[in-house]
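When a ligand or atom number is given, it counts from 1 through the structure's own listing order.
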Amino acid sequence: MSTIAAIATARGEGGIAIVRVSGDQAEPILRQAFRPAGRKKLASFESHRLYFGHLLDGKGRVLDEVMAVLMRAPKSYTREDVAEIHCHGGGAAAEQALRRVLELGAVPAGPGEFTRRAFENGRIDLSEAEAVMGVISAGSAAALRASVRELEGGVSRFIGGCRQALTELLSLIEASNDFPEEIDEPAAARKVASEARSIAERLLAHTDEKAARIVREGLSVVLAGRPNVGKSSLMNALTGSDRAIVTDVPGTTRDVLTESVSFDGIRVDLSDTAGQREASDQVEMIGVARARAAQKNADVVLIVLDASEELTEEDRALLRDRDERCLVVLNKDDLADREISGVQADVRVSARTGEGIGQLAALIRQRAGAAALGEGMLTQARHIACARDAAQALKRAVQGIEDGAPLDMASVDLWEARRLLGEITGEDATEAVIDAVFQNFCVGK
Ligand SMILES: Nc1nc2c(ncn2[C@@H]2O[C@H](COP(=O)(O)OP(=O)(O)OP(=O)(O)O)[C@@H](O)[C@H]2O)c(=O)[nH]1
Ligand SMILES: [Mg+2]
């Protein structure tokens, strides 16, 4: 196995950068490249001890002031010997340190190659390797929480438990084939069917595509309503900015304007849109079309009404078409001196005074429903797809048994379900699946 090296920290200016080296040659390379301060080069490094000293070129000249550490196998990220050189940040210093270790025999690491070695050396399973990438790319506190839970083995434990249960069912089927006189086949068939059904249900209960997407990518919320009801004012109130232009001229907003905010760690993409009405000028017409398209694709639609005026035909049209994604928001509550008839609002607010804005934010947060994403919930699309297919295979097995097919017919589907679960954790993943997973990684991880 080659010894690989890469810059593990992000490009750009920073206090320090880390060059990571993994493989048999990590220690000899470090011995050549690094000299501890006030001493000769070390013959041997104490494992997991951070040394202060200098990075040297081939002639023994100082290239940079650095810290270095050797982590001997198996107590390292990859389970191989790993050396890290903490040099100064910024492109040049990190590139120089990398060049030096390549000169001494390391080869450049491919994307995700350190993590791939950790996987291949059995330190982490495939779902945990993917969690590493999830942690790095997390764009919100909720996404980070979910990935850390996966990194700690949340998915592995849940899937491992299901897989173990399937293995037991498969041995029961085998035993009933091999020792028909000792095992009561109808009773065994009942047990296999009921347990396969319960595993399928457990798998499906742990897949919620929408919640998973919201945790990873955020919740999209669109402000919709007729002109001048205060959509842009509400946008500004919710984001605490004055990005959106507010005037008393109906038809002020033309384009869709999106801002991201964090509500309780969940990323929320709020979009202000043009007021919806029969427009005559061309720019406004395009704006209205864009508003409708944004509304169609949103997770949550805020239908904004003006509490100080009677409902118009445009308001009524929006209310008529509302669906379960919609929240009815009565704005300008500070001006309202009476109830407007015929509307049941979810919340009354005033973008001007700020009243009710907290309550509106809480309602939006509730819609994210991410609290449901507890331990073992699957949040990666690849895992969800495998778990769904496994549940499907289990349901086929149950159906077969209920239709009176011989019990060992069910084992085909049970094996398939077991294989699909193994694809999540990597025990049963093909090289192509594994390659595809690591292709998404960055170099240095
Ligand atoms: N009193 C009061 N006035 C408000 C409130 N919200 C908005 N307004 C005023 O209503 C007018 C229209 O506000 P905008 O936020 O531009 O309304 P809009 O829905 O974005 O309008 P379009 O972009 O034209 O569709 C402005 O004069 C705001 O100052 C509120 O809660 N109370
Ligand atoms: Mg506006």
Side-chain angles (χ1 to χ4, degrees), residues 219-261 263 268-323 325-364:
L219 183 79
S220 62
V221 178
V222 162
L223 289 146
R226 70 168 160 85
N228 223 40
V229 292
K231 299 176 295 302
S232 300
S233 307
L234 271 178
M235 167 90 169
N236 291 341
L238 284 165
T239 57
S241 71
D242 58 359
R243 274 295 306 282
I245 300 173
V246 170
T247 72
D248 53 9
V249 184
T252 299
T253 304
R254 299 300 181 94
D255 235 329
V256 177
L257 176 71
T258 304
E259 284 272 292
S260 291
V261 281
F263 286 169
V268 174
D269 294 324
L270 267 177
S271 295
D272 181 25
T273 62
Q276 296 181 34
R277 67 173 169 189
E278 285 298 329
S280 46
D281 98 79
Q282 210 199 345
V283 181
E284 191 176 353
M285 264 159 61
I286 297 171
V288 171
R290 288 189 179 188
R292 295 202 168 119
Q295 182 179 344
K296 221 171 112 202
N297 296 322
D299 293 315
V300 176
V301 178
L302 305 181
I303 297 186
V304 185
L305 304 172
D306 184 336
S308 68
E309 289 177 0
E310 283 305 318
L311 289 185
T312 68
E313 189 40 47
E314 288 130 347
D315 293 324
R316 286 205 184 84
L318 278 158
L319 290 169
R320 247 193 324 270
D321 295 339
R322 73 169 178 254
D323 54 30
R325 298 171 305 141
C326 295
L327 288 171
V328 178
V329 181
L330 212 49
N331 187 35
K332 306 196 192 179
D333 204 34
D334 54 301
L335 296 180
D337 46 9
R338 64 203 143 75
E339 298 292 310
I340 43 175
S341 49
V343 219
Q344 191 63 48
D346 291 297
V347 60
R348 306 178 72 101
V349 301
S350 165
R352 176 153 300 169
T353 67
E355 211 184 293
I357 297 295
Q359 206 186 334
L360 174 57
L363 280 178
I364 294 173

Please determine whether the number of non-hydrogen atoms from other residues, nucleotides or ligands lying under 6.0 Å from atom CD1 of I245 exceeds 12.
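No, the 6.0 Å shell around CD1 holds no more than 12 heavy atoms from other groups.
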T258 vs D269, test: side-chain hydrogen bond (donor to acceptor under 3.5 Å, both in side chains). Steps then yes/no.
CA-CA 6 Å; T258 304; D269 294 324; over 6 Å; no
Donor-acceptor contact present, side-chain [X] to main-chain [Y], <3.5 Å:
X	Y	value
D272	M235	no
K231	R226	yes
N236	A244	yes
R254	G251	yes
D333	R348	no
D315	T312	yes

Protein heavy-atom partner closest to [atom] - residue, atom, separation in Å:
atom	value
atom 31 (O) of ligand 1	A351 N, 2.9 Å
atom 1 (N) of ligand 1	D334 OD2, 2.9 Å
atom 5 (C) of ligand 1	K332 CG, 3.5 Å
atom 6 (N) of ligand 1	N331 ND2, 3.1 Å
atom 18 (P) of ligand 1	K231 N, 3.5 Å
atom 29 (O) of ligand 1	R352 NH2, 3.0 Å
atom 22 (P) of ligand 1	N228 N, 3.6 Å

Do the side chains of [X] and [Y] get close enough for a salt bridge, i.e. N-O under 4.0 angstrom?
X	Y	result
E314	R277	no
E313	R320	yes
E309	K332	no
R325	D299	no

Which atoms of ligand 1 have any heavy atom of [X] under 4.0 Å away?
X	value
V229	19 (O)
S350	31 (O)
D248	27 (O)
T247	11 (C), 12 (C), 13 (O), 16 (O), 26 (C), 27 (O)
S233	6 (N), 7 (C), 13 (O), 14 (P), 15 (O), 28 (C)
G275	25 (O)

When you compare ligand 1 with [X], is there at least one nitrogen or oxygen pair between them that comes in under 3.5 angstrom?
X	result
T253	yes
T273	no
G251	yes
L335	no

Please confirm if an N, O or S atom belonging to T253, backbone or side chain, lies less than 2.8 Å from the Mg ion (ligand 2).
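T253 does place an N, O or S atom closer than 2.8 Å to the Mg ion (ligand 2).
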Got a sec: is M235 within less than 2.8 Å of the Mg ion (ligand 2) via an N/O/S atom?
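So M235 does not bind the Mg ion (ligand 2) by this criterion.
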How does [X] reach ligand 1, by side chain, by backbone, by both or by neither, if only non-hydrogen atoms under 4.0 Å count?
X	value
V304	neither
V246	both
P250	backbone

Atom pair CG (N331) and CZ (R352), whose distance is rounded to the nearest 0.5 Å:
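So the gap between those two atoms works out to 9.5 Å.
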In Å, rounded to the nearest 0.5 Å, how long is the span from OG1 of T353 to CD1 of I357?
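Here the interatomic distance stands at 8.0 Å.
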Answer with yes or no whether V249 contacts ligand 1, where contact means a heavy atom under 4.0 Å from a ligand atom.
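Yes; V249 lies near enough to ligand 1 that a heavy-atom distance drops under 4.0 Å.
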